[in-house]
There are 2 protein chains.
Amino acid sequence: MNFKGKRQPVTIPRAAKTLRRTRIQEEKEEQILEAALDVFSASGFRGSTIDQIAEVAGMSKPNLLYYFRTKEAMHRALIDRVLYTWLEPLRAFDAEGNPETEIRSYIRRKLEMARDFPRESRLFANEVLQGAPHIEDELKGPLKELVDEKAEVIRAWAKSGKIVKCDPYHLIFSIWSTTQHYADFDVQVRAVLGQEHSGEGRFEDAARFLEQLFIGGLRPDPLGG
Amino acid sequence: MNFKGKRQPVTIPRAAKTLRRTRIQEEKEEQILEAALDVFSASGFRGSTIDQIAEVAGMSKPNLLYYFRTKEAMHRALIDRVLYTWLEPLRAFDAEGNPETEIRSYIRRKLEMARDFPRESRLFANEVLQGAPHIEDELKGPLKELVDEKAEVIRAWAKSGKIVKCDPYHLIFSIWSTTQHYADFDVQVRAVLGQEHSGEGRFEDAARFLEQLFIGGLRPDPLGG
DNA sequence: TGTAATGTTTACCAATCGGTCAAATTATCC
DNA sequence: GGATAATTTGACCGATTGGTAAACATTACA
């Protein structure tokens, strides 16, 4: 039952003999992924080293590799764990709701995520920026499908005159980019705003501005055009 | 006059003896920076290797290091060369012009740059995303000053009722993020749009949407509030 | 055309990279 | 408490990293 003569942790898929996960396994994998999030989000996949992650996680390198057999496996596990949560706000986008409040609260939620989970945002930003070599399937599959679905909702709103006629995909892109900007380009935002305006209040300012921009920009044309 | 006993190329600042740059120096430095842009923009600083750059540039590693003594020096030279051009659109932002046309053409210009110089966009995105360890000074200095200046223009427009009252800094951030998104997150945009809509026409679609969004979102409140 | 300055390459270095191994340690369960 | 399985570690491996030394080739210029 052993693989290549070496015992493997329960994370690795294998025969049904040891399905139960140890308490230690839960804890350590948690610890490792937490450290991996720190490192990968700060340096990207190629720029990160197992040693860095090991140090942040407070354990030896071979110990990491006992739980995740390769650097890629760690990255993969991290992506898998984070992706679902990351798409939650878009999934919550409700077709039945009022367009204005739906868009408003989508912006709010995305902005809150940029504030509360900047590492997750940067993890994906790094990945996509460098050509998404590890998440191409997720982008073309689940992500595209979700966006297609929500785009249809937006298109219907536009058609019925509840919002202005516009390209729903580019609308979604613009909400993604403006909100995630505050996580991904945080140091730039801070540098430009200076000490006085780069405190926590900047998220309130950003929310106010973005809501104003999108609500105003999407308000249906009074001429009915 | 030699440094550490080894001859140095004219790129390295030194005594005034050889101020002239050879034709070969011009060409090779050009070649190297072109290759460096390819590699750094695709993998970030840490994730890039001198060997990669050497291969793309079509020359040997020691030959690269003859022109730029370290990896950092190459990166620095590249940033210096590209930064000025990159800020050109914002610099062209004219206080005397009409707000609507100024904003419209700023968006156009930024979008054109995202289309025509995606590597430059990703170079900075990578750098900022990873904490801007090499360009912190540029962000806090020249960039901040330029943005401060243009923010004042926008604030004046808002005050005089030419556009809606809004935070000029967040307005600038939102134009940056929405336009650069098409360069930095290109693979994601393509993945979501699918084959049929991810051709060159997507920049026209993006321009149309963004102009609609910003012009509509910034139109002064008819109630005069 | 000779020669000094400039440019290029091969061979190499120490450090770090991702990853392995076997031995030692700890937890689990009868 | 002892056997057994799970966990942890130090020592190590070959490959790659950024960078160097010095010999060799080419260019510019008198």
Side-chain angles (χ1 to χ4, degrees), chain A residues 1-12 14-32 35-36 39-40 43-55 57-77 134, chain B residues 1-12 14-32 35-36 39-40 43-55 57-77 134:
Chain A
M1 209 55 48
N2 284 348
F3 186 69
K4 277 191 182 171
K6 194 180 183 186
R7 272 178 275 100
Q8 291 301 327
V10 221
T11 314
I12 309 299
R14 75 224 161 293
K17 198 168 187 182
T18 351
L19 269 179
R20 222 170 58 254
R21 285 161 58 100
T22 321
R23 170 187 53 88
I24 293 183
Q25 275 166 30
E26 304 260 15
E27 289 175 5
K28 288 298 163 85
E29 284 170 19
E30 174 68 36
Q31 241 180 79
I32 292 170
V39 175
F40 282 134
S43 305
F45 182 78
R46 291 217 48 193
S48 301
T49 71
I50 302 183
D51 297 82
Q52 285 175 354
I53 300 172
E55 194 187 332
M59 50 177 102
S60 67
K61 179 167 65 171
N63 203 4
L64 281 208
L65 291 165
Y66 172 72
Y67 291 99
F68 299 94
R69 280 171 53 210
T70 63
K71 185 179 159 185
E72 295 230 10
M74 276 180 40
H75 191 253
R76 171 107 300 243
H134 305 96
Chain B
M1 209 55 49
N2 284 347
F3 186 68
K4 275 190 183 173
K6 193 180 183 187
R7 273 177 278 102
Q8 292 301 326
V10 220
T11 313
I12 309 302
R14 74 219 162 295
K17 199 168 188 181
T18 350
L19 269 179
R20 220 169 60 254
R21 284 161 58 100
T22 321
R23 170 187 54 88
I24 294 183
Q25 275 167 30
E26 305 261 14
E27 289 175 7
K28 289 297 165 86
E29 284 171 17
E30 174 67 35
Q31 241 181 81
I32 293 170
V39 176
F40 281 134
S43 306
F45 182 78
R46 288 218 50 191
S48 302
T49 71
I50 302 184
D51 297 82
Q52 285 175 356
I53 300 172
E55 194 186 332
M59 50 177 102
S60 68
K61 180 167 66 171
N63 203 3
L64 282 208
L65 291 164
Y66 173 71
Y67 292 99
F68 298 95
R69 279 172 52 210
T70 64
K71 185 179 159 187
E72 295 230 11
M74 277 180 40
H75 191 253
R76 171 108 302 246
H134 305 96

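Model, not experiment: these values are computed from the prediction.
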Can you tell me if the side-chain N/O atoms of [X] get under 4.0 Å from OP1 or OP2 in [N]?
X	N	value
Tyr66(A)	dT8(D)	no
Gln25(B)	dG7(C)	yes
Tyr67(A)	dA6(D)	no
Ser60(B)	dT8(C)	no

*Minimum heavy-atom distance between Leu65(A) and Ile50(A), given as atom pair plus value*: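 Scanning both residues completely, I find the closest heavy atoms to be CD2-CD1, 4.0 Å.
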
*Could you tell me which non-hydrogen atom of Val39(B) sits nearest to which non-hydrogen atom of Ser48(B), and how far apart they are?*
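Nearest pair, atom of Val39(B) first, then Ser48(B): O-OG, 3.3 Å.
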
Show each protein N/O and nucleotides 12-14 of chain C N/O combination with a separation under 3.5 Å, one pair to a line.
none

Please state how far atom [atom1] in [X] lies from atom [atom2] in [N], giving the value in whole angstrom units.
X	N	atom1	atom2	value
Leu65(B)	dA21(D)	CG	P	12 Å
Met74(B)	dT17(D)	CE	P	14 Å
Glu72(B)	dG19(D)	CD	C1'	13 Å
Ile53(B)	dT17(D)	CD1	P	11 Å
Phe45(B)	dG18(D)	CZ	P	8 Å
Glu27(A)	dA27(C)	CD	P	11 Å
Glu29(A)	dA6(D)	CD	P	14 Å
Leu64(A)	dT9(D)	CG	P	10 Å

_Aromatic plane relationship, Phe40(A) with Phe45(A) - under 30° parallel, 30 to 60° tilted, over 60° perpendicular_ =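 Geometry flag for Phe40(A) against Phe45(A): parallel rings.
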
Does the side chain of [Y] come within less than 4.5 Å of [X]'s, by heavy atoms?
X	Y	value
His75(B)	Phe68(B)	no
Met59(B)	Ile32(B)	yes
Glu55(B)	Thr49(B)	no

_Gap between atom CD1 of Ile53(A) and atom CE of Met74(A) - 0.5 Å precision_ =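 Met74(A) CE to Ile53(A) CD1: 3.0 Å, rounded to 0.5 Å.
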
*Closest to side chain of Asp51(A), choosing from dT17(D), dC17(C), dT8(D)*: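 Of dT17(D), dC17(C), dT8(D), dC17(C) is nearest to the side chain of Asp51(A).
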
*Nearest to the side chain of Lys71(A) - dG18(C), dT8(D), dG19(D)?*
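So the nucleotide nearest the side chain must be dG18(C).
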
